[in-house]
Amino acid sequence: MADRLTVHDGETPVYDIVFRRDFGGFGEELEKLGVGRKKICIVSDSTVASYYMELLQAAIGSPSVTSFVFPAGEENKNLDVVRRLYEHLILQQFDRNDLLIALGGGVVGDLTGFAAATYLRGIDFIQVPTTLLSQVDSSIGGKTGVDFDSYKNMVGAFYMPRLVYINLATLHTLTERQYLEGMGEIIKHGLIKDRRYLYWLKDHMEQIRRRDTDICERMVQRSCEIKKDVVERDPKEQGERGLLNYGHTLGHAVEKETGFSLLHGECVALGCVASAYISLRRGDISRDTFLEIEELIRSAGLPVRISGPDKAQVLAATKHDKKMEAGVIKFILLKQAGEAYIDRTVTMDEMGEALDYICAGDLQTL
Ligand code: GLY
């Protein structure tokens, strides 16, 4: 596969997703974009900055680069931090021709993208995603935003980056748990769009688990390709893009009701199992297919069972789902492994049964 993909808006190329194994090519990419004399602010969190800030600054090689670093953690994905970033940009006299670079995972990418979308009504930004989850999901497609109180991504904008630069070497500094949460979104890509990719993931799980670079590269490229194709066809989520929310309605609700003690990708994995359970109960997928899906998720080191959340509260939380339309939940179900559809008829009872399953499910009773 080539070292880049281009995301289009209709026929017009909008930005490239570049796959590299270091930051060595970053300066050249900036030149191609004609960044020239722009002021640049690299936005990062405290953890990622300690690994990669100097390396990225060196790769840019310009003295007019500033940085804005905020404490790591989802709890900082809020308007307060955005306000502090605006303040920094105003003090450094950033104008509409200048550039932000988001160096980090989903929190950094979403927050920086939102600041870029709104500062002076929009300045350019580049995504440099450093987690598996952000490389395959949140850095692509222009969803930006922050949380508001306990409501995730409640405030935001669709705003496209000028470039997504993926340095696959950054996967090696992730903790096991941070790395594996990305597999929740990756398995989701296979479930909604590509059955053969699911088999490939199954066959290469051992290399994936030990972060074999060649295999990770192929996996990240394939997932980015799936996501790119979807967001090109439906950039503003008026239809098909909704499929990317597979596993997210119940996943987000579990994430909220467990006080964000589980990572997003872990909750997506649980949501994928619960959603597949509904498809099983509806007779859309077979017991064998369901068990294969569950086993794939388990083999990726992700949770398929959870103890603790109050079922009524989780169900209540699904009502705040952003995918609601006129009070109806747009739930994503499987026609088969590798093909998904949007369904507006999933009932609270069905979701309740699926939750019972992931809380205490016994394979024998299936
Ligand atoms: N993460 C889902 C989307 O970008 O639409």
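Counting starts at 1 for both ligands and their atoms, following the listed order.
In summary, R282 and D284 do not engage in a salt bridge, as defined by a charged side-chain N under 4.0 Å from a carboxylate O. The residues R177 and E266 are annotated as salt-bridged, a charged nitrogen and a carboxylate oxygen being separated by less than 4.0 angstrom.
Protein heavy atom at the shortest distance from atom 4 (O) of ligand 1 is K227 NZ, 2.5 Å. Among all non-hydrogen protein atoms, the one lying nearest atom 5 (O) of ligand 1 is R241 NE, 2.7 Å.
Side chains of S223 and Y197: a donor on one and an acceptor on the other come within 3.5 Å.
For ligand 1, the atoms closer than 4.0 angstrom to any heavy atom of L244 are 2 (C), 3 (C), 5 (O).
Using a 4.0 angstrom heavy-atom cutoff, H248 does not count as in contact with ligand 1.
Contacts between D137 and ligand 1 below 4.0 angstrom, taking non-hydrogen atoms only, involve the side chain exclusively.
In summary, the aromatic rings of Y357 and F290 are positioned with their centroids under 6.0 Å apart.
At under 3.5 Å, not a single nitrogen or oxygen of N245, backbone or side chain, sits near a nitrogen or oxygen of ligand 1. Looking at K188 next to ligand 1, no N or O pair under 3.5 Å apart turns up.
The 12-atom threshold is exceeded at NZ of K228, counting heavy atoms of other residues, nucleotides or ligands nearer than 6.0 Å.
Under the 6.0 Å distance and 45° angle rule, R4 does not count as a cation-pi partner of F19.
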